Amino acid sequence: MYITPKHIYFIALLLLAGCLKMFAQSADKFFPKQDLMTIGSYYYPEQWPREYWERDIKKMAEVGFEFTHYGEFAWSFIEPEEGKFDFEWLDKAVELAHKNGIKVIMCTSTPTPPAWLAQKHPEILMVNAEGRTMQHGSRQHISWSSPVYRKHVERMVEAIGEHYAKDNRIWGWQLDNEPSHYGQYDYSVAAGESFRKWLKAKYKTIDEVNKAWGTAFWSIRYNDFNQVLIPNPKELIAQPSPHAVLDFKRFSADEANDFLGLQYKILRKHISPDQWITTNLMPEHVDVDPTRITSLDFVTYTKYLVAGYDKGVGTQGFRMGSATSIAFANDLFRSFNGTTGVMELQPGQVNWGKFNSQPLPGAVRMWIWHAFAGGNKLVCNYRFKQPLTGGEQYHYGIISTDGVTPSTSGLEYIKVINEIKDLRKQYNATAKMPTAYARRSTALLYNADNRWEMDNQPQTNQWAFMDHLKRYYGALKQFGAPVDVITEDRDFSKYPVMVAPAYQLLDANLVTRWKEYVQNGGHLVLTTRTGQKDRTGKLWEMKWAEPIYDLIGAKVSFYDLLPDSVQGTIKAGIQNYKWNNWADVLDPSAGTQVWATYTNQYYAGKAAVISRKLGKGTVTYVGPDTDDGALERAVLAKVYQQAGIAIKSLPEGVMIDWRDGFWVAVNYSDKPYNVAIPIGAKVLVGEKLLKPASVVVWKE
Ligand code: GAL
């Protein structure tokens, strides 16, 4: 038998599936299923007089928290002078937690190097796009690429790892804190050097870089790797090379993974195999891609919904955030290897937002339950006590400024802690996912490359990748579908439906896998902008988006964009819709159905949405991107209906999920919703008439 590239591809897939499985099992073992979800709170012993610690930790235990979280910002206390480590204070805090029956998440405090380190080695500091060097005085101001910083990180992590080696009072570890530069990129000398190394490893020769980046354009051509600089739009007169930008974003995300991997390896040498190592990522931040953080046991996320940015739905949405916010984070993070948690969930009012409203009473409790619904193993909050000093003075804690009284949102946490403890008594290890729900299982295919590429070349001020994706994701959740947000390395075949929103970059292999998925009975939905470029971001030397023509049964004739004051119109059956962000105009082949047609502009009468049968499945292509998502929702509903999959029709803001034998419904809208709970089902938490910012949990 000949070994063809196809064989190698399948062998690789099998090996990968095997690894993923092992990985999933090993992360699962850290969290006994019957515990369902564990709730904890951050405490900063170094920020409070020592005589408070006993009282505070005791209080934490009294109100029911099961774990705490120490030290992610404490480097200058752990190593007050170079090479002199002090764990006495931290030992005391760990002991107090243990005495009170509280587990400890120990952190590496890499986001806050001590003043002496920056003073001695200013080359560790990050440089932003404007060329400004960040300074000591806050946090996250260092370059992960700096060899000097890394050397000191290694020493500190080694010291803390050795000190707490096999200490069973420590439950698990968190590396760094929200590893990112909060939306900025690092342009330091060290980052430039590391970028060039990354390029060398990827392309081997400078000619290959020239080819991949198309550097003949504007005579950018390099003779040597040393000439390659980080593409910084602030230092360029006209557009940077999109291929260089894409590679720089990939590099930056890989650099975060590399930095975390470095710490992981050191800790793993010392700690017990029963202790896990994670970090806490921001799901929708663009500079660090959670799907590229592969060097840990599992990853957790942080979530703040009420900070003036997310208007949600209805008049009170700004006090609850959008239902898709926690839901999407759950479905993305859980999908990596089956295990995730929320390391920070907003504990009430915050200080750093556009405007910092009070969350609607009940919202904090609802969020925790929503995290539960999405399969999280732990929920923690920043922070147990409201700080009296420092940059986050106006930030709520579980305990308010007097140091002893629970805040209103603290009381909501305490309520859920007790509810979860009761729920554990109802846990049934043999519960199986209900069939009708499982039948709706849907995959949403995600690759940050697409987002990065289109962020750089949006083509219209109205293009927003995450909004586009969320229009589809939100519709799926209104159908009551369990969704996994997956990456391309996963097995597609277990999902009856798969949506790949705005999948601009692809290759022949992905198109083949999509085709096989459909031929074997899958229902694939592709949308706007899909298939226009290869993985380097080059346009195909073919017709526009031609690699997908055969799959979708149509040509993409051209695309159009409108001013925000002009509405494009579309008709689908007897319904009319509007668009004005993006429109792919389609030319269907024989046998492809037209589901919607443009009805104005010079291409009125041309196809906007098409669908075809292929093998045992279907492929649907949605050309336009609308503002209200109504067309997207209607198309998806038709896909399920034609596939014979029954869906729900929940109002926007209401979500219903199933987990471990429990149904959970939450309501982020401003209207009560009557949940259809079957007679005979047992309501365990809340009520069937689901008020805004509330939850109902039941068992059938
Ligand atoms: C998070 C961060 C915490 C704290 C919090 C305030 O993003 O990880 O350290 O700053 O915000 O809301």
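Ligands are counted one by one from 1 in listed order, and the atoms in each one are counted from 1 as well. Computed from a predicted structure; not experimentally measured.
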Polar pairs, ligand 1 vs protein, N/O only, below 3.5 Å.
unit_1, atom_1, unit_2, atom_2, d
ligand 1, 7 (O), Glu178, OE1, 2.5
ligand 1, 7 (O), Glu178, OE2, 2.7
ligand 1, 8 (O), Asn177, OD1, 3.4
ligand 1, 8 (O), Asn177, ND2, 3.0
ligand 1, 8 (O), Glu178, OE1, 3.0
ligand 1, 8 (O), Glu178, OE2, 3.4
ligand 1, 8 (O), Glu344, OE1, 3.1
ligand 1, 8 (O), Glu344, OE2, 2.8
ligand 1, 9 (O), Arg139, NH1, 2.8
ligand 1, 10 (O), Arg139, NH1, 3.1
ligand 1, 10 (O), Arg139, NH2, 3.0
ligand 1, 10 (O), Glu392, OE1, 3.3
ligand 1, 10 (O), Glu392, OE2, 2.5
ligand 1, 12 (O), Trp352, NE1, 2.7
ligand 1, 12 (O), His395, NE2, 2.6

Check this for me, if you would: do Arg150 and Glu154 make a salt bridge, where the nitrogen-to-carboxylate-oxygen distance has to be below 4.0 angstrom?
no
Could I get the full list of side-chain contact (heavy atoms from CB on, under 4.5 Å) partners for Ser409, not counting sequence neighbours?
Val364, Tyr396, Ser407
With Glu344, the side chain to side chain donor-acceptor pair (under 3.5 Å) member among Tyr301, Tyr304, Tyr382
Tyr304
Trp369 meets the ring pair (Phe, Tyr, Trp, His ring centres under 6.0 Å) criterion, sequence neighbours left out, with Phe372
What I want to check is whether the side chains of Glu72 and Tyr42 have a donor and an acceptor closer together than 3.5 Å.
no
Taking only residues two or more places apart in sequence or in another chain, which ones pass ring pair (Phe, Tyr, Trp, His ring centres under 6.0 Å) with Tyr413?
none
